[in-house]
Enquirer: 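I'd like to ask some things about the structure below.
Everything quoted here is computed from the prediction, not taken from an experiment. Because only heavy atoms are used, hydrogens play no part in the values below, and waters and symmetry mates are left out as well, while side chains stay in.
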Amino acid sequence: MAADPRHAAWDDALAPMPAGPLHWLRAGRLEVALAPEAGGRIAQIRHDGMDWLIGPDDGWPATIAWGCYPMVPWAGRLRAGRFDLDGRTHALPVNFGGHAIHGIGFSRPWRIDTLETDHATLSLGLPRDGYWPFGGTTTQSIRVAGDRLHLDLAVQAEEQAMPAVLGWHPWFRKPDRLIFAPTAMYPRDGEGIATLPRVAPVPGPWDDCFVAEGEIALARDGQRLDLRADTDHWVVYDAAAHTTCVEPQTGPPDAFSLAPRVLQPGQPHRLSFELAWRTGGE
């Protein structure tokens with residue numbers, strides 16, 4: 001029997017991730033393609049006929065490398081997949097360069113709970129196994145409204161306390177301009193992992209986590225995309241020629257060690273992300 005490519009993606013973030021069936025949401029000039037079997041991700045965002053994401057057929061098929069996917073129950077790299085909780089060291093499988101990256105959700109199929117013309121909700125039960133020992137449930141809501149896309153992601157602990165960080169990882173097609181003025185950044189060490197203390201931002205190109213509360217936007221081909229989230233932590237990756245990633249997160253990479261947030265049994269944790277388009281570019 002051939003290996004399941006989605007199971008391969010659990011162990012290797014560079015394994016190919018097929019999109020599977022797409023479900024389109026539409027309102028006004030905005031169209032969004034959902035790929036629930038491909039990590040519950042958005043496969044494409046199209047505004048006024050222009051595609052904004054690196055999609056499944058653009059030549060970067062790795063699980064980690066396309067669309068806009070939810071990062072849950074952690075975002076970014078966990079150093080060597082290890083962290084301490086309540087006096088016990090936990091070791092999760094590594095899936096990217098000797099580290100555990102971007103959580104469980106982006107490589108597992110999600111269930112569609114509701115699907116309407118302009119709105120969908122999806123859910124995923126987190127495992128209670130070697131990949132993640134705590135269980136938990138996670139949900140996301142995707143809603144298109146005129147020139148705005150509203151994304152909401154939530155995770156809730158079950159009967160065990162658990163650490164949690166949420167994020168969204170959009171792989172945007174290369175913009176003409178990134179508008180971004182962070183106030184601080186987490187310096188990376190030789191393994192590319194965020195560290196403390198935070199420092200003043202340095203010039204790019206970046207693959208770094210920042211603290212930023214001001215204007216964040218992308219300008220491309222006469223359109224401007226404003227990005228807003230109810231968090232002040234953003235990862236920006238703009239070192240590649242074909243893409244710029246601007247990722248809201250509720251904590252830094254390796255947050256389970258750097259800035260741990262522990263959910264008590266039954267406690268939820270949420271992240272909202274809004275993408276809003278306007279014409280004029282700048």
Side-chain angles (χ1 to χ4, degrees), residues 6 17-57 63 66-73 75 102-126 136-156 164-173 216-218 220 223-231 234 245-250 268-279:
R6 292 177 179 81
M17 172 61 75
L22 299 182
H23 304 272
W24 285 88
L25 308 179
R26 295 180 173 91
R29 297 185 294 176
L30 187 58
E31 302 174 276
V32 172
L34 305 183
E37 294 185 9
R41 74 187 66 199
I42 295 172
Q44 191 54 262
I45 302 171
R46 183 174 298 148
H47 182 263
D48 202 15
M50 186 166 73
D51 289 346
W52 273 84
L53 295 179
I54 300 299
D57 301 320
T63 300
W66 63 272
C68 175
Y69 49 77
M71 296 182 286
V72 57
H102 294 343
I104 299 294
F106 83 116
S107 60
R108 268 91 170 158
W110 289 56
R111 184 181 71 186
I112 296 178
D113 294 320
T114 62
L115 180 62
E116 302 176 10
T117 302
D118 60 355
H119 176 234
T121 58
L122 295 85
S123 61
L124 173 69
L126 297 178
T137 59
T138 185
T139 58
Q140 57 171 309
S141 169
I142 303 98
R143 182 181 296 275
V144 294
D147 295 319
R148 295 177 185 269
L149 172 60
H150 302 274
L151 305 178
D152 291 289
L153 181 63
V155 65
Q156 184 169 356
V165 173
L166 299 176
W168 287 96
H169 198 310
W171 288 84
F172 293 115
R173 294 174 186 249
I216 303 173
L218 303 171
R220 178 169 161 251
Q223 294 187 19
R224 173 178 166 128
L225 172 58
D226 292 297
L227 306 175
R228 307 180 186 95
D230 54 356
T231 182
W234 296 81
C245 302
V246 186
E247 312 156 39
Q249 301 185 177
T250 60
H269 179 49
R270 295 181 173 87
L271 173 64
S272 294
F273 184 27
E274 182 185 79
L275 300 81
W277 282 262
R278 51 188 161 123
T279 57

Enquirer: Could you list the residues that satisfy side-chain hydrogen bond (donor to acceptor under 3.5 Å, both in side chains) with His23, not counting sequence neighbours?
Expert: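 Residues passing side-chain hydrogen bond (donor to acceptor under 3.5 Å, both in side chains) with His23: none at all.
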Enquirer: Restricting to side chain to side chain contact (heavy atoms under 4.5 Å, CB included), what partner residues turn up for Arg108, sequence neighbours left out?
Expert: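 Once residues adjacent in sequence are excluded, the partners of Arg108 under the side chain to side chain contact (heavy atoms under 4.5 Å, CB included) criterion are Trp10, Ile104, Leu124, Tyr131.
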Enquirer: My understanding is that only residues two or more places apart in sequence, or in another chain, count here; which of them pass side chain to side chain contact (heavy atoms under 4.5 Å, CB included) with Arg270?
Expert: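 Once residues adjacent in sequence are excluded, the partners of Arg270 under the side chain to side chain contact (heavy atoms under 4.5 Å, CB included) criterion are Ala154, Pro268.
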Enquirer: Between the side chain of Gln44 and the main-chain N/O of Trp52, is any donor-acceptor distance below 3.5 Å?
Expert: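 Checking the backbone N and O of Trp52 against the side chain of Gln44, a donor-acceptor pair under 3.5 Å is found.
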Enquirer: Please identify each residue that fulfils side chain to side chain contact (heavy atoms under 4.5 Å, CB included) with Asp152, with sequence neighbours left out.
Expert: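 For Asp152, the residues satisfying side chain to side chain contact (heavy atoms under 4.5 Å, CB included) (neighbours in sequence not counted) are Ser141, Ser272.
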Enquirer: Between the main-chain N or O of Trp66 and the side-chain N or O of Arg41, is there a donor-acceptor pair closer than 3.5 Å?
Expert: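 Yes; judged by distance alone, with no hydrogens or angles, the pair exists.
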Enquirer: At what distance, to the nearest 0.5 angstrom, does CD1 of Ile142 lie from SG of Cys68?
Expert: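 So the gap between those two atoms works out to 9.0 Å.
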Enquirer: Identify, with sequence neighbours excluded, every residue that meets side chain to side chain contact (heavy atoms under 4.5 Å, CB included) alongside Ala120.
Expert: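 Applying side chain to side chain contact (heavy atoms under 4.5 Å, CB included) to Ala120 gives Leu25, Leu34, Leu115, Leu122.
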Enquirer: Under 30°, 30 to 60°, or over 60°: which ring-plane class applies to Phe273 and Trp234, parallel, tilted or perpendicular?
Expert: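 It falls in the perpendicular class, over 60°.
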Enquirer: What distance do Leu149 atom CG and Leu151 atom CG have between them, rounded to the nearest 0.5 Å?
Expert: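 Taking CG in Leu149 and CG in Leu151, the distance rounds to 4.0 Å.
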Enquirer: Looking at residues at least two apart in the chain, or sitting in another chain, which of them share a side-chain hydrogen bond (donor to acceptor under 3.5 Å, both in side chains) with Thr114?
Expert: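 Scan of Thr114 (side-chain hydrogen bond (donor to acceptor under 3.5 Å, both in side chains), adjacent residues dropped) gives Thr121.
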Enquirer: Where do Phe106 and Met71 land on the side chain to side chain contact (heavy atoms under 4.5 Å, CB included) test, with the steps shown first?
Expert: CA-CA 6 Å; Phe106 83 116; Met71 296 182 286; 5.6 Å; no
Enquirer: By the side-chain hydrogen bond (donor to acceptor under 3.5 Å, both in side chains) test, which pairs, at least two apart or in different chains, include something from residues 26-36?
Expert: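 Qualifying pairs: Arg26-Glu31, Arg29-Asp147.
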Enquirer: With His169, which residues qualify under side-chain hydrogen bond (donor to acceptor under 3.5 Å, both in side chains), at least two apart?
Expert: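 So His169 forms a side-chain hydrogen bond (donor to acceptor under 3.5 Å, both in side chains) with Trp171, Glu247.
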Enquirer: Where do Ala19 and Ala38 come nearest, in terms of heavy atoms and distance?
Expert: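 Nearest heavy atoms, Ala19 then Ala38: O-CB, 3.6 Å.
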Enquirer: Who are the side-chain hydrogen bond (donor to acceptor under 3.5 Å, both in side chains) partners of Trp168, not counting sequence neighbours?
Expert: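 Applying side-chain hydrogen bond (donor to acceptor under 3.5 Å, both in side chains) to Trp168 gives none.
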Enquirer: Of the non-hydrogen atoms in Glu274 and Arg148, which two are nearest, and what is the gap between them?
Expert: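 It is OE1-NH1, 2.9 Å.
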Enquirer: Keeping Gln140 on the side-chain end and Gly40 on the backbone end, is there a donor-acceptor pair under 3.5 Å?
Expert: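 Yes, Gln140 side chain to Gly40 backbone: donor-acceptor pair under 3.5 Å.
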Enquirer: Find out whether Leu271 and Asp230 are in side-chain contact, i.e. whether some heavy atom of one side chain is under 4.5 Å from a heavy atom of the other.
Expert: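 A side-chain contact under 4.5 Å exists here.
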Enquirer: How close do Pro248 and Thr231 get, counting heavy atoms only, and between which atoms?
Expert: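 Where Pro248 meets Thr231 most closely, the heavy atoms are CB-CG2, 4.0 Å.
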Enquirer: Just jot down the ring pair (Phe, Tyr, Trp, His ring centres under 6.0 Å) partners of His269, sequence neighbours excluded, or say none.
Expert: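 Applying ring pair (Phe, Tyr, Trp, His ring centres under 6.0 Å) to His269 gives none.
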Enquirer: Pairs in or reaching into residues 112-122: which pass salt bridge (charged side-chain N to carboxylate O under 4.0 Å, His left out), with residues at least two apart or in two chains?
Expert: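 Only Arg111-Asp113 qualify under salt bridge (charged side-chain N to carboxylate O under 4.0 Å, His left out).
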